[in-house]
Protein chains: 2
Amino acid sequence: MVAQRGEGDEVVTTATGMPAVQGAPIVPEQDEVVVRERARAIPEAAVARLAVYLRVLSGMVDQGVTTISSEELSAAAGVNSAKLRKDLSYVGSYGTRGVGYDVEVLVSHIERILGLTRKHSVAVVGIGNLGHALANYGGFQSRGFPVAALFDVDEDLTGVPVGGIPVNHIDDITAVCVEREVSIGVIATPPQAAQAVCDRLVSAGVQCILNFAPVVLQVPDDVEVRKVDLAVEMQILSFHVARRADEASAEQAANDLINGVGVDRVVIRP
Amino acid sequence: MVAQRGEGDEVVTTATGMPAVQGAPIVPEQDEVVVRERARAIPEAAVARLAVYLRVLSGMVDQGVTTISSEELSAAAGVNSAKLRKDLSYVGSYGTRGVGYDVEVLVSHIERILGLTRKHSVAVVGIGNLGHALANYGGFQSRGFPVAALFDVDEDLTGVPVGGIPVNHIDDITAVCVEREVSIGVIATPPQAAQAVCDRLVSAGVQCILNFAPVVLQVPDDVEVRKVDLAVEMQILSFHVARRADEASAEQAANDLINGVGVDRVVIRP
DNA sequence: TACCGCTTGTGAAGGCGTGCACAAAGTCGG
DNA sequence: CCGACTTTGTGCACGCCTTCACAAGCGGTA
């Protein structure tokens with residue numbers, strides 16, 4: 001059973017240093033079987049990039065490319081080639097030195113690591129502007145995340161099909177999510193409702209949540225939340241606009257200064 | 001002029017070590033005026049959190065809270081209190097020891113750092129499902145990012161108002177963006193069109209871009225791009241689902257092992 | 001005014017991720 | 001079969017970010 005999980009696992013006993021499978025007849029109470037997860041060892045940042053590589057590689061497959069070097073792939077993904085190779089090394093060593101990577105092999109291994117070999121049904125809660133857009137968004141289906149259920153509080157919406165799927169009332173969330181094996185919940189409600197919706201998703205057994213509402217959700221440790229806050233993104237951009245403007249005006253001011261006092265050159269240091 | 005920019009700046013000459021404002025009649029060719037940006041020193045990660053703090057603080061203002069401690073604010077923002085204080089220290093020291101922070105003072109200083117004292121007009125390109133949702137999304141307006149222009153290639157859409165703003169044809173992008181002083185461009189087009197749209201935005205003088213299209217945009221160094229890729233978010237969640245499932249099955253397998261060979265306890269190490 | 005308790009602000013340490021640089025390993029041409 | 005060339009995989013060092021821990025500072029109280 002354990003062997004099936006692949007060569008990345010270790011099963012060791014901390015006290016005896018002896019493999020558990022050779023377990024002695026009597027094992028002390030304080031002994032532990034430590035199972036180290038290869039998957040756990042992949043940095044979050046690398047996981048995000050793997051998803052990007054996968055997208056680029058899919059495009060390559062469509063173009064009939066069969067082999068690609070780390071240099072080419074990293075350029076297409078907009079990252080450093082060393083970083084790319086390190087990221088791929090988390091997945092395993094599936095490249096050929098002197099040649100590069102077999103595109104299809106790489107695709108299948110990344111898909112395996114990202115868990116894309118399983119089906120991940122998605123439920124969207126909150127069928128407002130954003131919910132509508134998400135329900136109609138083809139990108140989910142096409143990349144293996146079928147939208148299996150839609151929910152809203154508004155009873156007028158109940159039964160109305162959006163993007164081909166009828167909207168359910170939010171009170172049915174537990175039953176429907178369990179029945180349709182929803183593994184990812186998307187919260188696209190107003191902020192006031194988000195925490196309550198989140199709680200209901202969690203009690204329906206959903207362990208992964210993508211939150212578009214601008215609130216910090218409180219969840220148990222075993223639930224994973226990712227947040228997309230458009231206003232925060234805008235404000236980060238705003239910060240950069242301001243920084244640029246500051247730099248420009250500082251440079252301008254400094255140049256004025258030059259003209260006044262005879263300094264030759266202005267350098268804005270990072 | 002330089003002094004106006006605040007106490008975070010330094011103006012020094014590297015060769016003479018003498019302040020530039022006291023510049024000697026003759027200044028050597030290799031002298032440099034070095035202007036260090038306080039803004040530049042704020043880590044990107046901290047900027048993102050500042051935006052979150054700002055949102056929480058705005059809620060506090062609405063509730064009539066006038067003072068808040070780092071402990072309370074950090075809890076509400078879902079971060080470590082030490083991290084919060086360090087983040088706020090980048091903004092400046094505006095707290096009172098033994099008391100906490102004055103909410104309104106903090107709000108205004110964070111707004112200043114994030115550049116929210118200026119108006120940032122937004123243009124949305126690509127009025128499909130997502131573009132519609134973005135145009136109608138009230139969160140932009142309410143947080144100081146008025147949507148000033150909409151664009152699409154589809155001539156049937158031209159002139160049709162969406163969210164109260166008429167759609168322009170994409171060929172007019174430069175003229176309209178310049179006229180309405182657009183500082184942030186949002187790309188919500190299909191992936192094939194994204195790079196071309198991006199190039200046109202850049203040549204229209206837009207220096208900040210929020211990209212929803214699943215492609216890596218190539219831009220000049222002086223343009224800031226932030227990316228929101230829903231499929232990538234889903235795949236990251238998928239990875240966590242898979243990891244959980246692996247852990248569960250590993251634990252199960254290990255427990256089976258226990259029953260077989262008499263190990264007492266199984267620990268899954270991070 | 002002097003003390004006490006509370007909270008900020010920050011020096012320092014530790015951890016994590018990035019990028020460099022190179023050995024290992026494979027292909028290709030002769 | 002061999003040597004030259006190409007590209008992977010990774011050890012290592014550096015730098016950024018996070019976290020801890022505590023001194024400094026302020027308000028309240030007697």
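Excluded from the calculations below are hydrogen atoms, water molecules and symmetry mates; all remaining heavy atoms, backbone and side chain alike, are included.
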Would you say the side chains of B:Arg85 and B:Ser70 form a donor-acceptor pair under 3.5 Å?
yes
Using heavy atoms and a sub-4.0 Å distance, could you list which residues of residues 46-64 of chain B are near DNA chain D? By number, please.
B:Arg49
If you compare all heavy atoms of A:Ala188 against all heavy atoms of A:Leu134, which two are closest, and at what distance to 0.1 Å?
CB-CD1, 4.2 Å
Which residues share a side chain to side chain donor-acceptor pair (under 3.5 Å) with B:Ser238, sequence neighbours left out
A:His120
So, is A:Asn80 near the phosphate of C:dG17, with a side-chain N or O under 4.0 Å from OP1 or OP2?
no
Rounded distance in Å - CD (A:Glu44) to C1' (C:dG15)
16 Å
Whole-Å distance, A:His109 NE2 to D:dT8 P, equals 16 Å
For B:Asp102, enumerate each residue passing the side chain to side chain donor-acceptor pair (under 3.5 Å) test, keeping only those at least two apart in sequence or located in another chain.
none
Distance check needed: C:dT27 C1' versus A:Asp102 CG, whole Å only.
16 Å
Atom-pair distance (CG on A:Leu84; P on D:dT7), nearest Å:
14 Å
Could you give the NZ-to-P distance, from A:Lys83 to C:dC20, as a whole number of Å?
10 Å
Any side-chain donor near an acceptor of the partner, B:Glu44 and A:His240, under 3.5 Å
yes
Tell me every residue that passes side chain to side chain contact (heavy atoms under 4.5 Å, CB included) with B:Asn80, counting only those two or more places apart in sequence or in another chain.
B:Ala82, B:Lys83
Would you check if there is a donor-acceptor pair between the side chains of B:Ser69 and B:Glu72 at a distance under 3.5 Å?
yes
One character per nucleotide, please: for nucleotides 5-13 of chain C, 5' to 3', B when the base has a protein heavy atom closer than 4.0 Å, S when only the sugar-phosphate does, - otherwise.
-BBBBBBB-
Taking only distance into account, with no hydrogens and no angle test, what donor-acceptor pairs under 3.5 Å do side-chain atoms of residues 210-223 of chain B form with protein atoms, sequence neighbours excluded?
{"residue": "B:Asn211", "atom": "OD1", "partner": "B:Ala213", "partner atom": "N", "Å": "2.9"}
{"residue": "B:Asn211", "atom": "ND2", "partner": "B:Ala213", "partner atom": "O", "Å": "3.1"}
{"residue": "B:Asn211", "atom": "ND2", "partner": "B:Val215", "partner atom": "O", "Å": "3.3"}

